[in-house]
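We name chains A, B, ... by the order of the sequence lines, and we start the count at 1 in each one.
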Amino acid sequence: MDTLEPHSPYISTKSESNSKPEIENRSSSLVSSPVPPPASMLRLWRPAAQRNLRNQWSKMASYRQQWISASSNGRSHATSLVNSYLSQRYMPSMELGVLSDMPEIRNKACFKLCKQQEHHRSKLLSSYKDMVAVVNYMVNISRSMRCFLKGPSSSPLVQFSSYSEDVNDTGDGGGMPVFVFLSVAAFEKLSEELVQMFELELNLKRLLVVELLATTCETPQVNRFCWSDELYPGEFDDLSICNLYSKETCEPIAPRLSNCNSGMPARSVQYHDQPNQEILQVYLTTWLAEVNIDTHRVNEIFAIIGEEMHVSIS
Amino acid sequence: MEGIVKKYQQKFKKIREEMNRWDELQSRLISQFRNASSIIERLQIIQDSKNYGSLISVGGIEVAVLRKQLESLQAFLLSMKKTVEDFHGIVLCLEKIHRDGKQLVKGGSNQLTLKQLQQRVGVKPTLADCLDGLMLLHDMHNSEYALKVSLVSALSPLAVKPSTSDLGSLQQLLVDQPNIPKEEVQYIFEIIFAEEIC
């Protein structure tokens, strides 16, 4: 999953004072110096990079919380949807007691349950949309760990930004530690590891959403979604950002687990028209289990980062 | 005499605080128990690959779901154990209050006669009432704690051989707290604090 330019995480992390004399001659001569950048620049770069990383990681932590709440909302909508669907399905055999004398009672109940399911379906879809948005933000954060020089370095006022203006500026301070030990590349590696868990989980949840949305008592094939459909306008653009959309097959890539590279193509999935109660329970359990998100590791990553930056994030 | 009764009433107030904490722990334990038993209930379903519907296209999904669920189950069992330990803390506290209470009338120089113990002043409780109350409350909670220990340890074997009816009865016992009859507890407190109720 190395999507970014390769940088060895720990290159020449000698303390800046060591290389000072040599660099001072150079800073006057050329701007586009190869790594390592001049020490004077690094001195200015470091606080800016620290500020940036603190920002990005605190955002990351807050998106993690948002994921948790979106996922749990989604689960409760999915549960309601399943319950309502099962009630409707078992309506013909349901013991209604004194109510059974009322005319059309079963049909009316079914109609009501149908309406309910429609409502839960749209809620479930909107929770899914929230989750996609969260993962999109996470991906963007994980691509914004670097801190680049803004404008000519000869200008008296040195500024930094998150966009590279110079191909020679790698934005990682020549691989030096930003706080104590970790280089920018090391921060990126951790964030990629983190984000990948959420990407995979999002992909798996998409399969569940497709299946749950397709679960209906109505005559099948009435505008039901399948894997290759866009679940909401713009979904495929969002999924491309998360590396979850294949331009070749023109559909989202098949879900897989983090420890397992070979997911069978989702196309071969045989759709169950009317999944039984057990299958639906497994769907809900899978939603809950978040198999791709290793909670211990996530906590560990945030702990490592927090310790390194001397702030507590979670 | 009145001074001693006051001291006892202080002790019963302390017990009331401990019992409030007991109630908090009780609702915590119930929710942990419910979570654990709902995982146990679905363990068989999630072990059968034919229940995975379309998910079966995701390689290794059954193993992963099962592993995650077992992890959560273990976490719930562990936290239940912790909660039960907290119950034990309360029992120890009640035991100490009871012991200190006995000291008040039997310790050292102030040996009281049976008559003194049963002497009643107005609506105030007799010293014997106080002593009995302390003992009863301690006993109740002690037995209930023992029951909880066995309930929690009965849960793990069910994970291997699930039985929905067993889970149901365990949970019922846990909720009911048969060793702490509410009316009796209330009765004890009514006698001790009769003057405040009047």
Residue selection (most heavy-atom pairs with chain A, distance under 4.5 Å) from B:Asp48, B:Ile45, B:Ile46: B:Ile45
Interatomic distance, A:Arg256 atom CZ to B:Ser57 atom OG [nearest 0.5 angstrom]: 13.5 Å
Exceeds 12 heavy-atom contacts within 6.0 angstrom, atom CZ of A:Phe111: no
Side chain B:Lys68, main chain A:Ile293, donor-acceptor under 3.5 Å: yes
Nearest heavy atoms of B:Tyr52 and A:Tyr283, plus distance in Å: O-CE2, 3.5 Å
B:Ile61 versus chain A, the contacting section by heavy-atom distance below 4.5 Å: both
From OG (B:Ser54) to CH2 (A:Trp227), nearest 0.5 Å: 10.5 Å
Validation row: A:Thr285, B:Gln69 side chains within 4.5 angstrom (heavy atoms): yes
Sub-4.5 Å side-chain heavy-atom contact between A:Leu204 and B:Leu55: yes
Contacts of A:Glu235 that satisfy salt bridge (Lys or Arg N to Asp or Glu O under 4.0 Å) - sequence neighbours left out: A:Arg206
Enclosure of B:Glu71 CD (heavy-atom neighbours >12, cutoff 6.0 Å): yes
Distance, nearest 0.5 Å, that separates CD of B:Glu62 from OG1 of A:Thr286: 10.0 Å
Enclosure of B:Gln74 CD (heavy-atom neighbours >12, cutoff 6.0 Å): no
Qualifying residue, where the test is side chain to side chain contact (heavy atoms under 4.5 Å, CB included) with A:Leu257 and the options are B:Val63, B:Val58, B:Val65: B:Val58
Over 12 non-hydrogen atoms of neighbours within 6.0 angstrom of OH in A:Tyr137: no
From A:Glu278 atom CD to B:Arg42 atom CZ, the distance as rounded to the nearest 0.5 Å: 13.5 Å
More than 12 heavy atoms from other groups under 6.0 Å of CD on B:Gln44: no
